[in-house]
Amino acid sequence: MEKRVSSVKSIKGTLRVPSDKSISHRSIILTSLANGNSTVKNFLKAGDTLTTLNVFRKLGVSIQEEKDSLKIKGVNFFGFKEPDNILDMGNSGTTTRLTLGLLSGQNFFSALTGDDSLRQRPMGRVAEPLKMMGADIDGRENGKLLPLSVRGRKLKGISFYNKKSSAQVKSAILIAGLLSEGKTKVTEPFKSRDHTEKMLNAMGADIYVENNGEYTVSITGSKELNGIDIDVPADPSSASFFAAAAVLLPDSELLLKDVLVNPTRDGFFRKLKEMGAKLEYINLREKAGELIADVHVEYSPNIKGIKIEKKDVPSMVDEIPLLAIVATQAEGETVVTGAEELRVKESDRIKAVIENLKNLGMEAEELEDGFIIRGKQKVRGGVIDSFKDHRIAMGFSILGLLSEEGITIKNADSVFISYPEFYEHLEKVIVS
Ligand code: S3P
C-alpha cells in the first residue's frame with residue numbers, strides 16, 4: 001500500500017497511542033513461564049505482538065482474549081509443548097530472540113523462521129551466549145541466521161558481558177537463566193531497557209541489579225514465578241512520532257496520555273527538550289514499577305541541533321530515524337555517532353534515512369555509525385521507500401506533514417507492525 005501525506009496547518013488534541021510493544025511481548029513470554037495465571041490489560045494488538053501471541057499458543061499456552069484483557073495460563077518452566085511445525089516469527093526480532101532463550105532449555109525440538117527482513121538479522125548475538133549455557137542451536141551460517149533449529153538441553157548459568165547493550169540479548173539470557181542450574185549474570189556498559197528484570201522481579205524471581213558505572217543483572221535459576229496482573233502503558237516510541245509533529249508544526253499542541261517514560265526508554269523526549277522543544281511530563285506516576293506520564297507538547301520554533309553519542313543510544317534506539325527528521329528542521333548541526341546498531345534493525349535505518357532524505361532533495365551525510373544533518377532545510381516532497389520498516393514509514397509521514405508537495409510513502413502498511421491505527425490517529429489530530 002502507498003500512502004500520501006500532505007502538508008497540514010497544525011495538529012491539536014489528546015491521544016492515547018497504542019500500548020508498549022516491548023512490555024506487551026514480555027507480558028506473554030514471561031507470564032507463560034509462571035506457575036499460575038496472569039491478566040494483561042491493554043495488550044498491544046499489532047503485527048509483532050500478535051506474532052508472540054500466536055507463537056506461544058503453538059507452544060501450548062492457553063491465552064484467552066476477553067473484553068479488554070488477555071488471560072494467560074502459565075505452564076511453569078517446563079510445561080510447554082513441542083510445536084508441530086516451524087514457528088513463524090514474522091518481522092519480530094524481540095519474539096525471536098526472547099523465545100530462543102526459552103526454547104534452549106526445553107525438553108523438545110523446535111525450529112524458527114521469519115520474513116525476508118528477519119532472516120537477514122543477526123541471531124548469533126543470542127545463539128552464542130545461549131550455547132555457552134549449553135544450548136544446542138544450529139542454522140544458516142553456523143547458527144547466526146534464521147531459520148534456526150533448537151534441540152532443548154539442560155542449561156547452566158553463565159556470566160556474560162553484553163557489549164552491545166541489547167535488551168533482547170539480555171532478556172534471552174535471563175530467561176535461559178531462569179531455566180538453568182546456578183546463577184546467571186549479564187553486564188552491559190550502558191543500561192538497556194529493563195522491562196524484563198522489572199517484570200521478573202514483580203513475579204517473584206530471585207533477581208537483583210547493580211548499577212555502578214556498568215549495569216549488571218543477576219538471576220538464580222529454578223525459583224518458580226507467580227502469575228501477575230499487568231496494565232500496559234502507551235508506547236513512548238509510538239508517542240514520539242506525534243510529539244515530533246507537534247514540535248515542528250506551527251500552532252500545535254498535543255496531550256499524549258499514559259505514556260511509559262521509563263528512563264531506559266524516554267531518551268528521545270529528553271533530547272527533544274535539550275534541543276529546545278516545549279515538552280513536559282504531567283501527572284508523573286509509578287504503576288507496577290514503571291514510570292508513566294501524560295506528555296504535553298507544543299510547537300517549538302527555535303529548536304537547535306544536538307549531539308548523540310553511544311551512551312545516549314540505548315534509551316532512544318528506535319527513535320533515531322525520527323530524530324533525523326526533526327534535525328532537518330533544527331538550527332545548526334545534529335551529529336549522531338555510536339549508533340551502528342541501526343544498521344541491523346528491521347531495515348538498515350541509517351541507509352534508509354539518508355537515501356530517502358536525498359531522494360527528497362534534502363542534505364544528509366552518512367556515517368558508518370550514524371549521520372550528520374544540518375538544518376533548517378526546505379521540505380519539497382516526493383516519494384520515499386519505507387523498506388517495509390514501520391518506523392521509517394511513520395517518520396517520513398511526519399516529514400510529509402511539513403512538505404510543500406506531499407510525500408508518498410511506499411509500503412506504508414508496515415505501520416501495522418507496531419501502530420496499526422497510525423494514519424487514523426493522524427487524521428484525528430490534524431487541523432488543516
Ligand atoms: C527491544 C529492544 C531493542 C529495540 C527493539 C525492542 C526489546 O532492540 O530496538 O525495538 O523489546 O527488547 P535491541 O535489544 O536489539 O537493542
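Counting convention: from 1, in listed order, for ligands and their atoms alike. What's counted below: heavy atoms across the whole structure, side chains too, no hydrogens, waters or symmetry copies. Being a predicted model, the structure only gives us computed values, none of them experimental.
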Is [Y] paired with [X] through a side-chain N to carboxylate O contact shorter than 4.0 Å?
| X | Y | result |
| --- | --- | --- |
| Arg374 | Glu333 | yes |
| Lys358 | Glu355 | no |
| Arg265 | Asp235 | yes |

**Report entry** Contacts of Glu368 that satisfy salt bridge (charged side-chain N to carboxylate O under 4.0 Å, His left out) - sequence neighbours left out
**Finding:**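 Once residues adjacent in sequence are excluded, the partners of Glu368 under the salt bridge (charged side-chain N to carboxylate O under 4.0 Å, His left out) criterion are Arg343.
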Report task. Determine which pairs satisfy side-chain hydrogen bond (donor to acceptor under 3.5 Å, both in side chains) with at least one residue from residues 126-137, sequence neighbours left out, and list them in order. Result ->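 Residue pairs with at least one partner in residues 126-137: Asp136-Arg153.
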Requested in this report: State which residues pass ring pair (Phe, Tyr, Trp, His ring centres under 6.0 Å) with His425; sequence neighbours excluded, sorted by chain then number.
Outcome: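 Applying ring pair (Phe, Tyr, Trp, His ring centres under 6.0 Å) to His425 gives Tyr419.
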Query raised in the report: Name the residues in contact with ligand 1, where contact means a heavy atom under 4.0 Å away: which are they?
Result: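 Residues Ser22, Arg26, Thr94, Ser166, Ala167, Gln168, Arg193, Val317, Asp318, Lys345 each place a heavy atom under 4.0 Å from ligand 1, listed by chain and number.
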